[in-house]
Amino acid sequence: MIGKFMPIHNGHIALIKYAKSYCDELIVSMSYTFNDTIDSKLRYNWIREIFKDEPRIKVELILDDFDVEELALPERTKIWANKMKKVYPPVDVVISSEDYGVPFAENLGAECLIFNQERNVFPVSATLIRNNPFKYWDFIPAVVRPYFVKKICLYGPESTGKSTMAEKMAKLYNTEFVPEVARELIVNNDLTEDDFLRIAVAQTQRVIEKTKTANKLLFCDTDVITTQIYAKHYLGYQLSELLEFEKLISYDQYFLLNTDVAWVADNLRDLGDRREEMYTLFEQELLKRNINYISIEGNYEQRESIIKSFIDELIK
């Protein structure tokens, strides 16, 4: 069977399981181009992971540099068949849920089995998922879901309600949140380069871990830009290694929380007299990177309302 699997979904999985029941060996041929919207290696690894315990299923990659979309299916699939004959062992059966299945099989000299072409068992397609993943969330395999999780960063100076808001939003939307991991690692602000690197590693790893179990959304209290800001403040200079960690995580939306709420002191917060200065610094770092953000102001109820309104639209 052939496909782009961009991404693989539960309909594909059902098709592959159906195909396996008819085969001594099933070749799942995943075609790709260099312009695909989802990276080919990522898609390939998704399929491999899903069927890692199925030795009779052979997942193969093939560069799609031979297709001629303008041709009618009989001639178009003849080109496909000629290519497949060169790269794969002899094929006895083509299994598909697409219109091209029958002519492709004929050009291969193979039998054709069609599976749920009406798609009434799994009313979904990869295109529908790419266009609206949340609507078709239940059709997305667990290994694929992290790719579509929207990561929300609550960002800004000390004592602006980020931690409380991240946890509250996660409960409201039945999903995960990532705390400010630095608070699990340090006991005071007498910090070294190694401390900031440990924080960056731990924060990044936690986001990656929580993305795997998140339900559509992941709310993150802080990011590695924040780590860089505090590293420069406490060390007196930029820590260039942190830039590499920043590149590892991309957030879909930033909320910049303003300082117009009461300062709450604790054993780590020591910049209460420089709140406006720090807010400006946090904002400048976003502007310097051309990162889109929404400024969050007002009391805690107003802040929650602004964020919730945005998230509700995002889910729609």
Side-chain angles (χ1 to χ4, degrees), residues 1-34 36-67 73 76-130 133 136-149 211-213:
M1 61 170 293
I2 64 172
K4 296 179 182 177
F5 307 101
M6 196 158 64
I8 186 170
H9 53 68
N10 288 351
H12 290 136
I13 293 172
L15 174 60
I16 291 172
K17 289 180 177 179
Y18 170 82
K20 188 193 72 167
S21 68
Y22 285 90
C23 301
D24 299 312
E25 179 180 86
L26 173 64
I27 299 172
V28 178
S29 178
M30 195 203 92
S31 61
Y32 71 97
T33 73
F34 297 117
D36 289 343
T37 55
I38 303 177
D39 180 74
S40 59
K41 290 182 180 178
L42 186 61
R43 285 145 52 202
Y44 175 75
N45 287 334
W46 286 337
I47 305 172
R48 290 285 302 272
E49 176 63 23
I50 291 169
F51 297 103
K52 63 184 178 182
D53 297 322
E54 301 280 0
R56 291 193 291 125
I57 296 176
K58 310 297 183 183
V59 186
E60 303 287 351
L61 272 175
I62 185 167
L63 176 62
D64 184 2
D65 58 357
F66 53 86
D67 190 18
L73 280 179
R76 186 181 177 192
T77 56
K78 186 176 182 179
I79 298 173
W80 302 358
N82 290 337
K83 179 70 173 182
M84 300 301 169
K85 289 175 182 178
K86 293 178 182 178
V87 298
Y88 296 138
V91 172
D92 302 295
V93 184
V94 168
I95 301 176
S96 176
S97 60
E98 304 286 350
D99 292 338
Y100 62 67
V102 171
F104 181 43
E106 290 175 351
N107 283 314
L108 275 171
E111 180 186 354
C112 182
L113 292 177
I114 296 295
F115 173 79
N116 193 224
Q117 192 168 11
E118 302 80 10
R119 294 191 181 178
N120 51 8
V121 179
F122 293 92
V124 70
S125 70
T127 301
L128 290 173
I129 288 174
R130 291 197 305 274
Y136 298 96
W137 193 254
D138 290 341
F139 294 101
I140 303 175
V143 70
V144 179
R145 285 181 176 178
Y147 178 84
F148 292 104
V149 167
T211 302
K212 295 176 182 177
T213 55

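Note that the coordinates shown come from a computational prediction; the quantities given were computed from them, not determined experimentally.
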Asks: Is there a side-chain contact between E60 and V28 in this structure, where contact means two heavy atoms from C-beta onward sitting under 4.5 Å apart?
Replies: no

Asks: Would you list the pairs meeting ring-ring contact (aromatic ring centres under 6.0 Å, His included) in which at least one residue belongs to residues 37-64, sequence neighbours left out?
Replies: W46-Y147

Asks: Would you check if the side chain of D39 reaches a backbone N or O of L42 as a donor-acceptor pair within less than 3.5 Å?
Replies: yes

Asks: To check you understand the geometry: which heavy-atom pair defines the closest contact between C112 and A105, and what is its length?
Replies: CB-CB, 3.5 Å

Asks: For E106, enumerate each residue passing the side chain to side chain contact (heavy atoms under 4.5 Å, CB included) test, keeping only those at least two apart in sequence or located in another chain.
Replies: V102

Asks: Counting C-beta onward and ignoring hydrogens, is there a side-chain heavy-atom pair between I140 and I129 closer than 4.5 Å?
Replies: yes

Asks: Got more than 12 heavy atoms from elsewhere within 6.0 Å of NZ, K85?
Replies: yes

Asks: Please identify each residue that fulfils side-chain hydrogen bond (donor to acceptor under 3.5 Å, both in side chains) with K83, with sequence neighbours left out.
Replies: none

Asks: Suppose we call two aromatic rings close when their centres sit under 6.0 Å apart. Are F148 and W137 close by that rule?
Replies: no

Asks: Any chance you could measure I57, atom CD1, to I27, atom CD1, to the nearest 0.5 Å?
Replies: 12.0 Å

Asks: Under the ring pair (Phe, Tyr, Trp, His ring centres under 6.0 Å) test, which residues partner F115, sequence neighbours left out?
Replies: Y18

Asks: Enter the distance from S40:OG to F5:CZ here, rounded to the nearest 0.5 Å.
Replies: 13.5 Å

Asks: Answer yes or no: is there a side-chain heavy-atom contact under 4.5 Å between F104 and M84?
Replies: yes

Asks: Looking at S125 and L128, would you say the former's side chain and the latter's main chain have a donor-acceptor pair under 3.5 Å?
Replies: yes

Asks: Starting at CG of N107, measure out to CG of N82 and round the result to the nearest 0.5 Å.
Replies: 7.5 Å

Asks: Please report the C-alpha distance between I50 and V143 in whole Å, then the side-chain angles of each, then the deciding distance to 0.1 Å, and finally whether the side-chain contact (heavy atoms from CB on, under 4.5 Å) criterion is met.
Replies: CA-CA 8 Å; I50 291 169; V143 70; 3.6 Å; yes

Asks: Under a 3.5 Å distance rule, please check whether D36 uses its side chain to pair with a backbone N or O of Y32 as donor and acceptor.
Replies: no

Asks: Got a sec, which residues hit side chain to side chain contact (heavy atoms under 4.5 Å, CB included) with D24, two or more places apart in sequence or on another chain?
Replies: none

Asks: Do V94 and L108 touch side chain to side chain, with heavy atoms closer than 4.5 Å?
Replies: yes

Asks: If we ignore hydrogens and angles and just use 3.5 Å, is the side chain of R56 paired with the main-chain N or O of C23 as donor and acceptor?
Replies: yes

Asks: With R145, which residues qualify under salt bridge (charged side-chain N to carboxylate O under 4.0 Å, His left out), at least two apart?
Replies: none

Asks: Just to verify, what does R130 make a side chain to side chain contact (heavy atoms under 4.5 Å, CB included) with, not counting sequence neighbours?
Replies: M6, P7, T37, I38, A126, T127

Asks: Tell me, please, which residues at least two apart from K52 pass salt bridge (charged side-chain N to carboxylate O under 4.0 Å, His left out).
Replies: E49

Asks: Output all residues satisfying side-chain hydrogen bond (donor to acceptor under 3.5 Å, both in side chains) with S29, sequence neighbours left out; order by chain, then residue number.
Replies: Y88

Asks: Is any side-chain heavy atom of I62 closer than 4.5 Å to one of M30?
Replies: no

Asks: A side-chain contact here means heavy atoms from C-beta on lying under 4.5 Å apart; do H12 and M1 qualify?
Replies: no

Asks: Quick one: list whatever passes side chain to side chain contact (heavy atoms under 4.5 Å, CB included) with D64, sequence neighbours left out.
Replies: S31, T33, F66, D67

Asks: Which residues satisfy the salt bridge (charged side-chain N to carboxylate O under 4.0 Å, His left out) test with D92, sequence neighbours excluded?
Replies: none

Asks: Please round to the nearest 0.5 Å and tell me the distance separating atom NE2 of H9 and atom OH of Y136.
Replies: 11.0 Å

Asks: When rounded to the nearest 0.5 angstrom, what is the spacing between CD1 in I114 and OG in S97?
Replies: 7.5 Å

Asks: The criterion is salt bridge (charged side-chain N to carboxylate O under 4.0 Å, His left out); which residues satisfy it with E54, sequence neighbours excluded?
Replies: K20

Asks: Any chance you could lay out the side-chain contact (heavy atoms from CB on, under 4.5 Å) test for L63 and F34, step after step, and finish with the verdict?
Replies: CA-CA 8 Å; L63 176 62; F34 297 117; 3.9 Å; yes

Asks: Rounded to the nearest 0.5 Å, what's the gap from CD1 on I13 to CD1 on I8? Could you check?
Replies: 5.0 Å

